[in-house]
Structure formats: C-alpha cells, structure tokens
Amino acid sequence: MGSGELAQKRVIVALDVPDEETAIALVDRLEDVTFFKVGLELFTSTGPKILEMLKSRQKRIFLDLKFDDIPNTVAGACRSAARYGVDLLTIHATCGREALKAATEAAQVGAAQAGVKPPKLIAITLLTSISARQLAFDLKIPLELPEYALQMALMAQESGLDGVVCSPQEVAQLRQTCGDDFLLVCPGVRPTWADTADQKRSLTPAQAMIAGADYLVIGRPITTAADPELAWNRICEDLSAIA
Ligand SMILES: O=C(O)c1cc(=O)[nH]c(=O)n1[C@@H]1O[C@H](COP(=O)(O)O)[C@@H](O)[C@H]1O
C-alpha cells in the first residue's frame with residue numbers, strides 16, 4: 001500500500017470548527033482526506049447544509065451527535081439523522097440497552113424512509129477524555145476502566161449496534177472479545193509530535209491501527225496545525241510504515 005492509502009481509507013478528520021466557511025476552507029486544503037467527522041460544534045452552527053457540502057465533494061461522513069436520552073427520544077433522533085445518508089452515527093452506550101435497541105431499529109427505519117443506506121450506528125463506551133482516576137472518583141464507577149469499556153461494548157453489541165467508539169488503549173481487548181465484524185473507531189489518537197490536550201488515553205496512529213482499530217479519528221493535530229496538509233502527510237507517512 002502506498003504512502004497515504006491507509007490513512008485515506010481509515011483516518012477520519014474531525015472538523016471541530018465554528019462555522020461553514022472555516023470547514024470548507026479546511027476540506028478544500030485537505031484534498032486527499034476522504035472521510036470527515038461533523039460533530040456538535042459544527043452541526044450546531046451550520047445544521048445539515050454542512051453534510052450537503054461534504055457530499056457534493058464526494059466525502060464520507062461521520063455525524064457525531066452523541067445522542068444521550070430516553071429510548072423514545074434517541075430513537076426519534078436516530079430516525080431523523082439516518083435520513084441524511086451519513087456513514088457513521090454516534091450514541092452514548094450509557095443510554096442503556098432499551099435505548100440502544102430502539103435507536104438501532106429507528107436508524108434503519110429513517111434510512112429506509114429516505115431511500116438511503118443506513119448509517120453504521122456506534123456507541124461511545126467511555127469518552128477518551130476520562131482517566132481511570134476520574135472514572136473512579138468523579139463518576140463513581142467501581143469497575144476497572146478496561147472492564148467498564150468492555151461491558152459498554154458488549155451491551156452495544158448485544159443491542160444490535162454496528163460497533164463502538166473506544167480509546168486506542170482498549171481497542172486490542174475489544175477486538176479480541178467482540179470479533180472482527182464489530183467496528184472499532186478510535187479518537188484520542190496522537191502522533192508523537194502532537195499535544196495530547198484533553199485526551200487522557202492516547203496512542204499514536206500506528207499503535208492504534210496495529211492494536212486493531214478500524215478507523216482513527218484525528219482532529220486538532222491536523223486542524224490546528226500551522227500547516228494542516230503537512231500534518232496530514234506526516235500521519236500518512238507514519239501509517240505507511242505499517243501498511
Ligand atoms: O465520538 C467521538 O468521535 C469521540 C469520542 C471520544 O470518546 N473522544 C473523542 O475525542 N471523540 C471525538 O474525537 C475528536 C478528537 O479530536 P482531537 O482530540 O482534536 O483529535 C473530537 O471531535 C471528539 O469529539
């Protein structure tokens with residue numbers, strides 16, 4: 001595989017920017033990137049027109065709205081979001097089993113109503129900004145962090161979801177337990193030259209991929225770099241070493 005091919009297939013760039021203009025400028029600079037994530041900041045600012053912009057440029061879309069509510073409400077949200085024809089959609093595993101099942105069914109219904117391919121629905125196991133210490137002392141969860149992430153992933157799998165979002169530090173264990181057909185998407189990935197910022201359970205892109213991630217989500221190391229194309233190319237080079 002040539003330099004860049006692995007990154008083009010399996011790295012999702014998080015467009016955490018405040019407005020459409022900034023997003024378009026980044027997407028047009030990063031012309032080799034094929035998969036973008038639209039999250040809470042950008043979607044709240046622009047609404048669905050940002051998705052049309054990405055589709056008109058033939059980009060794949062991860063719509064990361066991290067739904068977290070009662071079963072009826074998350075089902076409605078997933079039904080609506082699935083109509084946009086996006087590739088990936090997120091919900092928090094902490095919504096619980098009933099909500100996860102309702103969301104899975106609703107995403108299928110919404111996509112069918114709109115005549116589009118259903119999104120892969122993936123659950124957040126435990127945000128990558130939470131450390132083992134915060135899990136125990138702030139969230140008062142009495143399980144070890146890897147065990148907690150595993151339990152959330154298993155509940156998502158049993159509820160019919162397509163996969164989960166997890167930190168690169170848990171991906172090997174989840175791959176082993178959940179099998180090859182379960183999507184594992186890893187944010188909190190940091191090249192050695194980038195600032196970890198608020199991410200607490202990081203690995204490098206190559207380490208995360210070797211550990212079994214299907215997709216890596218990388219934002220600020222690229223989007224806030226003085227030269228985003230150079231940052232992207234450096235990540236492509238790191239990954240080409242393992243391709
Ligand atoms: O769902 C996500 O994508 C997500 C889950 C998670 O546990 N941690 C996490 O960082 N993310 C997202 O992944 C992206 C990471 O961005 P950077 O930290 O800038 O690389 C952000 O858009 C987060 O919203």
Side-chain angles (χ1 to χ4, degrees), residues 7 10-18 22-23 26-27 30 33 35-46 50 54 60-68 74 77-78 81 86-95 100 103 119-132 134-135 139 141 145-146 148-150 152-153 156 161-171 174 183-205 207-209 213-226 228 231-232 234-235 238-239:
R10 291 166 61 181
V11 175
I12 303 172
V13 174
L15 284 174
D16 292 322
V17 295
T22 317
L26 257 173
V27 170
L30 295 167
V33 177
F35 210 155
F36 285 96
K37 182 170 87 79
V38 174
L40 291 169
E41 181 181 5
L42 186 56
F43 196 79
T44 302
S45 160
T46 67
I50 194 69
L54 289 167
R60 290 180 288 165
I61 303 172
F62 174 5
L63 181 58
D64 175 29
L65 299 181
K66 292 193 179 65
F67 297 133
D68 194 2
V74 288
C78 286
V86 295
D87 298 277
L88 293 174
L89 185 64
T90 42
I91 182 168
H92 276 284
T94 48
C95 288
L100 293 175
K120 302 273 186 210
L121 185 63
I122 57 177
I124 316 298
T125 49
L126 177 69
L127 290 170
T128 54
S129 54
I130 303 287
S131 64
Q134 287 169 320
L135 184 73
L139 305 187
I141 304 282
L145 191 152
Y148 178 74
L150 178 63
M152 293 300 105
L161 270 77
D162 298 291
V164 290
V165 178
C166 62
S167 102
Q169 295 189 8
E170 291 103 52
V171 74
L174 296 195
L183 266 185
L184 298 177
V185 177
C186 288
V189 175
R190 286 290 182 269
T192 49
W193 43 266
D195 182 8
T196 52
D198 49 2
Q199 298 290 1
K200 302 276 167 52
R201 310 197 312 280
S202 260
L203 288 181
T204 68
Q207 286 168 335
M209 209 62 104
D214 291 297
Y215 292 104
L216 310 181
V217 178
I218 307 180
R220 288 162 291 180
I222 298 168
T223 57
T224 65
W232 166 258
R234 288 179 77 180
I235 290 169
D238 286 355
L239 286 175

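In this text, all values refer to a predicted model and were calculated from it rather than measured experimentally. First listed ligand is number 1; within each ligand, the first listed atom is number 1.
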Quiz item: Where's the contact between Val185 and ligand 1, heavy-atom distance under 4.0 Å: side chain, backbone, both or neither?
Solution: neither
Quiz item: Among all protein non-hydrogen atoms, which one is nearest to atom 2 (C) of ligand 1, and what is the separation to 0.1 Å?
Solution: Lys66 NZ, 3.2 Å
Exercise. Taking Arg201 for its side chain and Pro168 for its backbone only, find out whether a donor-acceptor pair lies under 3.5 Å.
Key: no
Quiz item: Measuring from Cys186:SG to Arg10:CZ, what's the distance to the nearest 0.5 Å?
Solution: 10.5 Å
Practice problem: Check whether any side-chain heavy atom of Thr204 lies under 4.5 Å from a side-chain heavy atom of Asp238, and answer yes or no. | Solution: no
Quiz item: So which heavy atom in the protein is nearest atom 7 (O) of ligand 1, and how far is it from that ligand atom?
Solution: Thr128 N, 2.9 Å
Self-check item: Element-labelled atoms of ligand 1 that are located less than 4.0 Å from some non-hydrogen atom of Arg220
Solution: 17 (P), 18 (O), 19 (O), 20 (O)
Quiz item: Which ligand 1 atoms does Pro221 reach within 4.0 Å, using its non-hydrogen atoms?
Solution: 20 (O)
Exercise. Find out whether Arg220 and Arg190 are in side-chain contact, i.e. whether some heavy atom of one side chain is under 4.5 Å from a heavy atom of the other.
Key: yes
Exercise. Before signing off on this row, confirm whether Asp198 and ligand 1 have an N or O atom pair separated by under 3.5 Å.
Key: no
Exercise. Run down the list Gly188, Gly39, Pro187 and name the one with the heavy atom closest to atom 13 (O) of ligand 1.
Key: Pro187
Quiz item: With a 4.5 Å limit on heavy-atom distance, are the side chains of Leu216 and Met209 in contact?
Solution: yes
Exercise. Mark up the atoms of ligand 1 that fall under 4.0 Å of a heavy atom belonging to Ile124, in ascending order.
Key: 1 (O)
Quiz item: When you measure from atom 15 (C) of ligand 1 to each heavy atom in Arg201, Lys37, Gln199, which option holds the nearest one?
Solution: Gln199
Quiz prompt | Which segment of Asp16 sits under 4.0 Å of ligand 1 when only heavy atoms are counted | solution = side chain
Self-check item: Heavy-atom check, side chain of Leu184 versus side chain of Val164, under 4.5 Å
Solution: yes
Practice problem: Note the single closest protein heavy atom to atom 17 (P) of ligand 1, along with its residue, its atom name and the distance in Å. | Solution: Arg190 NH2, 3.5 Å
Self-check item: Atom indices of ligand 1 within 4.0 angstrom of Val217 heavy atoms, with elements
Solution: 13 (O), 14 (C)
Quiz item: Between atom OG1 of Thr125 and atom CG of Leu174, what is the distance when rounded to the nearest 0.5 Å?
Solution: 6.5 Å
Quiz item: So, does Asp162 use its side chain to make a donor-acceptor pair with the main chain of Ile122 at under 3.5 Å?
Solution: no
Quiz item: Side-chain contact, heavy-atom cut-off 4.5 Å: Glu41 with Pro18?
Solution: yes
Self-check item: Sub-4.5 Å side-chain heavy-atom contact between Tyr148 and Ile130
Solution: no
Quiz item: To the nearest 0.1 Å, how far is atom 3 (O) of ligand 1 from its closest protein heavy atom, and which atom is that?
Solution: Asp64 OD2, 3.3 Å
Quiz item: With atoms numbered from 1 as shown, which atoms in ligand 1 lie under 4.0 angstrom from a non-hydrogen atom of Ala14?
Solution: 22 (O)
Self-check item: Val165 neighbourhood, listing ligand 1 atoms whose heavy-atom distance to it stays under 4.0 Å
Solution: 5 (C)
